[in-house]
K.L.:
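Okay, here's the structure, questions in a sec.
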There are 2 protein chains.
Amino acid sequence: MRELARTFQAFNAYDDEHIRQLGLTAPQFDVICTLGNTPGMTMGQLAEKTLVTKGTLTGIIDRLERKGLVRREVPPANRRCFMIVLTTEGDRVFEEVFPAHIAYLKQRFSKLNEQELEEIRLSLRKLRQLFQPIQN
Amino acid sequence: MRELARTFQAFNAYDDEHIRQLGLTAPQFDVICTLGNTPGMTMGQLAEKTLVTKGTLTGIIDRLERKGLVRREVPPANRRCFMIVLTTEGDRVFEEVFPAHIAYLKQRFSKLNEQELEEIRLSLRKLRQLFQPIQN
DNA sequence: TATTGTTATACTCTATAACTATA
DNA sequence: TATAGTTATAGAGTATAACAATA
């Protein structure tokens, strides 16, 4: 039981350190990954996917906008909402930084063989289903 | 690879929600768990165990002290440092709330059989060793 | 009236660096 | 001088609830 919390803590520390080196915070990185390879998303959709309240998301998007990584577009059909879209620079970050981050994590995984990886993958999937009843 | 991040995100959301219901934050809960079943610890030791800088820890301990869950004791031998100790109330929280939290998590795990649990345990241990080179 | 976001409020956590007190 | 913690500073994330604009 504690195993899960400790593993998570260790992973998170490792993960977070690299994200910060890239000049982003974990929630900001999460938003960029969520927006990557999509035509954009409203604040509401984005808040739901990233598990953040809408009020909190406003601040995160403000900061990403200030960094020039996303922009708010007003769809003519419904002027109450925004489409949050990656800018060219934001897309570049997604295309370059995201794989770099994966590669960074892969360094550690390379110590395992294929069978071990498959077992871990299976275990994680089971765990995730346990804690994430609502699947996307 | 993403499996790991998503799983932990789901777990964390579930975990955090319960901790907040108990009136604590994750770092505060972490401190109480770390202090449980110990004679106390200096700020430095505690900061190291909880992976937090000493400046940050000061604030966390201040808030726990205000809640009456820990106290700072000055050891006569070295008046530069404090021993951070659980109060009676703090110990009660550790003794009652910690198992309650475990039970809360167990609800989900009860859906798995013993063999699955063992496989998951093994996978998590491998993962942890991957990301936590410095073991305590 | 209902929906979509923003703003106001109030905390907590976060790191860094300068500082105080003790050793 | 070195060590142990605190304080100052500055920012990010967090939720909640009140608000404005649009539908």
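Labels below follow one simple rule: chain letters A, B, ... track the order of the sequence lines, proteins then strands, and each chain is numbered from 1.
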K.L.:
To the nearest Å, give me how far apart CZ (R63(A)) and C1' (dT14(C)) are.
P.N.:
13 Å
K.L.:
Out of curiosity, R72(B) CZ to C81(B) SG, how far, rounded to the nearest 0.5 Å?
P.N.:
12.5 Å
K.L.:
From CZ of R20(B) over to C1' of dC11(C), roughly how many Å is that when rounded to an integer?
P.N.:
10 Å
K.L.:
Quick one: pull up OG1 in T42(B) and CD in Q45(B) and give me the separation to the nearest 0.5 Å.
P.N.:
3.5 Å
K.L.:
L51(A): which other cluster members, linking ILVMFWY side chains closer than 4.5 Å, directly or transitively?
P.N.:
none
K.L.:
Rounding to an integer number of Å, can you tell me how far L64(A) CG sits from dG11(D) P?
P.N.:
17 Å
K.L.:
Calculate the interatomic distance between I61(B) atom CD1 and dG5(D) atom P; express it in whole Å.
P.N.:
11 Å
K.L.:
What residues join M83(B) in its hydrophobic cluster, counting side-chain heavy atom gaps under 4.5 Å, either direct or through other members?
P.N.:
V85(B)
K.L.:
Would you mind building the protein contact string for nucleotides 2-7 of chain C? One character per nucleotide, 5' to 3', B for base within reach (heavy atoms under 4.0 Å), S for sugar-phosphate only, - for untouched.
P.N.:
BBSBBB
K.L.:
Separation of E73(B) atom CD from dA4(D) atom P, in whole Å?
P.N.:
19 Å
K.L.:
Measure the CZ-CG distance between F109(A) and L130(B) for me, rounded to the nearest 0.5 Å.
P.N.:
6.0 Å
K.L.:
Enter the distance from K49(A):NZ to L35(A):CG here, rounded to the nearest 0.5 Å.
P.N.:
10.5 Å
K.L.:
Taking the minimum atom-to-atom distance to the side chain of R66(B), which one of dC13(C), dT12(C), dA12(D) wins?
P.N.:
dT12(C)
K.L.:
Figure out the CG/P separation between D16(B) and dT14(D), and round it to whole Å.
P.N.:
10 Å
K.L.:
Within less than 4.0 Å of OP1 or OP2 of dA23(D), is there a side-chain N or O belonging to R79(A)?
P.N.:
yes
K.L.:
Rounded to whole angstroms, how far apart are CD1 on I19(A) and C1' on dT14(C)?
P.N.:
15 Å
K.L.:
Between dC11(C) atom P and I60(B) atom CD1, what is the distance in whole Å?
P.N.:
17 Å
